[in-house]
Amino acid sequence: MDFFLQQTINGIAIGSVYVLFALGFSLVIASLRVFHVAHAAVFTWGAIFNWHLVEGRGWPLAVSLAVAALLTGALNVLCYLALIRHLEDRPNKEFAAFISSLGGMIVLTELASRDLDRSTVGLPARAVPRQVWDIGGVRISIVQLMMLVVAALAFALLHWLIQTTRFGRQIQAVAYDRETARMLGVNVLGVNALVFFLSGALAGVSAVLVSVSFNVVSGSLGDSYLVIVIAVMVVGGFGHVAGNFAGGFIVGLVSVYTSAYITSAYREVVIYSLLLLFLVVRPTGLFRTSPLQVKA
Amino acid sequence: MNFLDAFGAHNFLIRDAIITLLVGFSVFAVLNAGMFAMPQIGFMALGAYTAAILNTDHGMPLTVTLGAAALAGGMSGLLLGGLLRRLDGIYLAIGTIGFAEIVRLVARNLDITGGPSGVLGVDRSLNDLQLCVLAATALAALARISRTHIGRAIATMREDPLMAMHQGINLQRYRIALFTLSGTLSGLAGGVYVHIAGYAHPNDYTFGKLVTVVAAVILGGATSVIGPIVGTVITVGVPEMLRSLNEYRSLLNGSLIVLIIAFAPSGIAPVVGTAWRRAIVGVRRSSRGHRSPTPDQLDQHPAPVTMSQPRAPAADVVLSVQGISKSFGGVRALADVSLVVESHDVLGVIGPNGSGKTTLLNVLSGIYSPETGDLRLDGKSVAPMLGHPELLARAGIARTFQTIRIVGAASVYDNVAIGAHLLHTASVASAIISSPSSRRDRAAVHCAVESALERVGLTSLATTPAGSLAYGLQRKVEIARAMVRQPKVLLLDEPTAGMAPNERDEVFALVSELSRNDIAVIVVEHDVESISANCNRIMVLNFGRIIASGAADDVLREEGVIDAYLGRSTRG
C-alpha cells in the first residue's frame, strides 16, 4: 500500500510537470490554432540555460529558474516571429505553420546538441536541493514539492491572466476572430507575441524542474517529452486548461504505475497506446474541445 | 549487378537515398491528398522486421520477404487508415506519429524482433538493379495515378475537401486507400533496406528519421511526384558534394524547410518546373494545355451527354422534401420545411439574411444532416444519405457555393472536369492501365466538359487558371462544374452575386435551358427581380419557416412577404 501511495505521489509530481509543459503548448494552440512543435526544442533550451547559469555562473536554482524562464520566453517569441507570423494568412496555415515549426525544431535541437558538445550533462550536486520528508513511510522530496507548487502557481497565474485581465480578454478576442479583433483595435502582433512569451516561459520552468528531478540535460531532452505531452493534450482536450491538468496527472500516474508494476521498457508504449486509444475513441479528449477542426 | 559501386565511396549513400526516396513517395502519397499523416516510418519498421524475421528464422527468399514486407505495410496502412478515419489535420499527424513510435518501442522490447539489438544476419541479396527497378516502378505507378481522374480527385480533396465531396468523391474511401498505398510503399522500403543493410535495428526507425524524409518531400514539393526526387537529391546530395557543409546538415535541412515554407510553399520542384517551361516556351506552348483525347477517339465515341433538344414537358416530381428541421444550438435555422420540385421547375428561394436559405441548400446537398425530415429523389427516399454530400452527388444532386469554391491554380477545363468525376465508371485498375473502357470514359468526360464550357461561354478560356478569372466568370466555372455530370437537381447558391446585369441574364437564360433539359433547378437569390422574372415558382423563407410559396407573381404580392422584406412588424 505504501508502495502504491509512493508511486501515486511520484506520478502526481511528474504529472504536474507534464501539465506545465502542456499548458504552454495548449496556450498557443488555443489562441493561434498553431501546433508549434519547436516548443519541445524551446523546452530543451530551458534546461540548457539553467545548466549554464548554475554550472557556469554558480547561481542559486531559484534565480536561475526565473532567468531561464525569461530566456525561453524570449526564445519562443523569436520562434513566433521567424517561424509562424508570416504564415498566419495562408489558406493551409495549420500545415504550413506545423512544417515551419518543425524546421525550427530541427535547427534549435541541433544548436542545443552542439552547445553541449553532443554530450549529456548533469547539474552540480551542490545546486540540487536534496531535502526529503518521510511522512508515514511515504517520501516526498523538496523537488517534488516544488513541482506541485510551481504548477499550482502557474495555473493560478494563467487563470488570473486569461479570465480577469484586459490582456486575457484580448487573447480570447484574437483566438475567436483575429481580423475582427484587429479591427476593434487589438494589437494582434503584441498579443500573439505575449502568448508565445508565456508559453515559452512555462516550457522553461517545466524543463528546469525536469532536469533537476532527473539530473539529465541533453540536446534531445525535449524530443523525449514531446509525445508524452501530446498525449497529455489529447487525453485532456487540446487547448483546455482543466483538461490539461486532468491529462497531465493521468499520464503521469499511468507512466509511473507502468514503470512500477510492469516494466519501464513499456512505459512509453502504454502512454502512446493511451494516446491512440483516445484519438480513435474520443478524439476530442475528456473535455470535448475541438478547436482544430476544419470548418466547413 | 551492383553498378552503384561505380560511385565509389558514395555507393551506400546512394542506395540509402533511393530507399529514402521510396519512403518519400509513401509520404507524398498522403500529403498530396492533403492528409497530414506521418505513420510511414512505422510502416517501414513493420516491413523491415517482417522481411528480416522471415529471412533469418524461416529462410524465405528475397521475393517472398519483399512481398510480405509490402503486404505487412499495406495491411497496417489499411487498418490504421480505418481506425483513424475520423481524424483530420493535426490530430491525424499526432495519431500517426504515435503509431510509428509504438511500432519502434514494441520492436525494441519484443524477443522475436531481437529487442534492442535487432535482427541480424539478413542476407544482403538485393542488387542495385532490383533496387532501381523497384524505385522506378513506384515512381511510374504514382505518376500514372496522378494523370488519371483519380489523380484529379486526389488533388481536389487536397485543395478543397468539402467541394470534393460534392463532386461525388468518397473522401473516406480515398483516405483509407491512400493509407494502404502509403503503407505498401513504406513496408516495401523497409524490406528493401534490410536486404541491403543485412539487419533490422530499432534505431533506424525514429521520429528523427521521419523528419528527414518529410523535410525532403516538403523541400521538393508535395504536390507532384517529382517533388520527393528533387527533395531527396538536395537533402542528401548537396551536403555530400560540399564536404564542408556535411557537419551542418541538420541545420541546413531545418533552415531550408523554414525558408521553403516561407517563400516557395509548394516546394522547389514546381519552381524548377516553371523555369523549365519558360525556357522551352514557344516550342510546345500550344500543346501544354489540357490533355485532350485524340480526334479519332472522339470520332469513335460520340458524346453521350447531350443537352440540346428540349424534351416534351412531362412534369414529374424529381425532388420532394418533407418536414425538414435543423437547429444550431438554440437557433432554429429550418423549421418544418417541405417542398416539391418537378422536372422542369426553376424554384427560386428568397428571404432576408439569416432566413435559412443557405442552410436549406446545405441540407439538400448533404453538408448538414437535419434533425427531422425526409428527402426523396425520383420518388425514392434518400434519407440515409443526408449528411453525406458524396452520396447525394451520386444520387443526382449538384450545387454551386455562395463563396466560390474552385481550384484557383488549376485550369478552367480541369475545374469543370472535377465535376465529371462520377462519369468515370471504369475501375481504378483499368484507369491506371488505361484500358479501352477507361479511354471511353475519358472521351465521354472530355465531350461533357467541352459542351459544359461552351454553354457557359468559357471555351476560349479553357486553359486559363481559374483563379485568375474575374468573379463573374469564376461563378460560371462553378455552374459548368455542377452541370457537367447532368444532375437531376441543380442547387445554385446566389449564382449571380457580384455579376453585371448582362452576365446575370446570361446565367438565368442558361438556367431556363437546363430546366427544359430535365435538370430541376433550385436557386437562392437576393435579387427579387431576377427571381420573379426567371423562376416559375418561388418560396419565401423567414426565420427558417416557409412564409409563402407558389407561382412567382402571386407570392410577391403577398403581404407577409412584403413585411419580411421591408421589416415591418405591424402595419398601421
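The structure presented is a predicted model; accordingly, all values stated were derived computationally and were not measured. A note on names: the letters A, B, ... follow the listed sequences, proteins ahead of strands, and every chain is numbered from 1.
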*Considering residues, nucleotides and ligands other than Phe263(B), do more than 12 of their heavy atoms fall under 6.0 Å from its CZ?*
no
*Measure across Leu105(B) and Tyr272(A) and return the closest heavy-atom pair with its distance rounded to 0.1 Å.*
CD1-CE1, 3.2 Å
_When Asn109(B), Val211(B), Val214(B) are compared by non-hydrogen pairs under 4.5 Å with chain A, the top option_ = Asn109(B)
*Measure distances from Leu110(B) to the heavy atoms of chain A and classify the residue's part below 4.5 Å as side chain, backbone, both or neither.*
both
*So do Ile102(B) and Leu275(A) actually touch side chain to side chain, heavy atoms under 4.5 Å?*
no
*Nearest 0.5 Å please: distance from the CZ atom of Phe278(A) over to the CD1 atom of Ile94(B).*
14.0 Å
*asked:* Looking at chain B, which one of Gly104(A), Ala96(A), Ala231(A), Ser101(A) has the largest number of heavy-atom pairs inside 4.5 Å, strictly under?
replied: Ala96(A)
Could you tabulate the donor-acceptor pairs under 3.5 Å formed by side-chain atoms of residues 80-88 of chain A, not counting sequence neighbours?
{"from": "Tyr80(A)", "atom 1": "OH", "to": "Glu88(A)", "atom 2": "OE1", "distance (Å)": "3.0"}
{"from": "Tyr80(A)", "atom 1": "OH", "to": "Asn192(A)", "atom 2": "ND2", "distance (Å)": "3.1"}
{"from": "Glu88(A)", "atom 1": "OE2", "to": "Asn192(A)", "atom 2": "ND2", "distance (Å)": "3.3"}

_Heavy-atom proximity to chain A below 4.5 Å, by part of Tyr248(B)_ = both
*Using non-hydrogen atoms only, which part of Val281(A) is less than 4.5 Å away from chain B: side chain, backbone, both, or neither?*
backbone
*Evaluate whether atom OH of Tyr176(A) has more than 12 neighbouring non-hydrogen atoms of other residues, nucleotides or ligands under 6.0 angstrom away.*
no
*Would you give the length of the straight line joining atom CG of Leu276(A) to atom CD1 of Ile97(B), rounded to the nearest 0.5 angstrom?*
11.5 Å
*Where does Met163(B) contact chain A at under 4.5 Å (heavy atoms): side chain, backbone, both or neither?*
neither
_Closest contact, heavy atoms only, Arg86(B) versus Val280(A)_ = NH1-O, 3.1 Å
*Within residues 250-260 of chain B, which positions have a heavy-atom distance to chain A below 4.5 Å?*
Ser250(B), Leu251(B), Gly254(B), Ser255(B), Ile257(B), Val258(B)
*With a 4.5 angstrom heavy-atom cut-off, could you sort out which part of Leu83(B) is near chain A: side chain, backbone, both or neither?*
both
*Atom CG of Leu31(B) and atom CD1 of Ile99(A): how far apart are they, to the nearest 0.5 Å?*
7.0 Å
*Which atom names give the shortest non-hydrogen contact between Phe36(B) and Glu94(A), and what distance separates them?*
CE1-O, 4.3 Å
*Starting at CD of Glu101(B), measure out to CD1 of Ile230(A) and round the result to the nearest 0.5 Å.*
9.5 Å
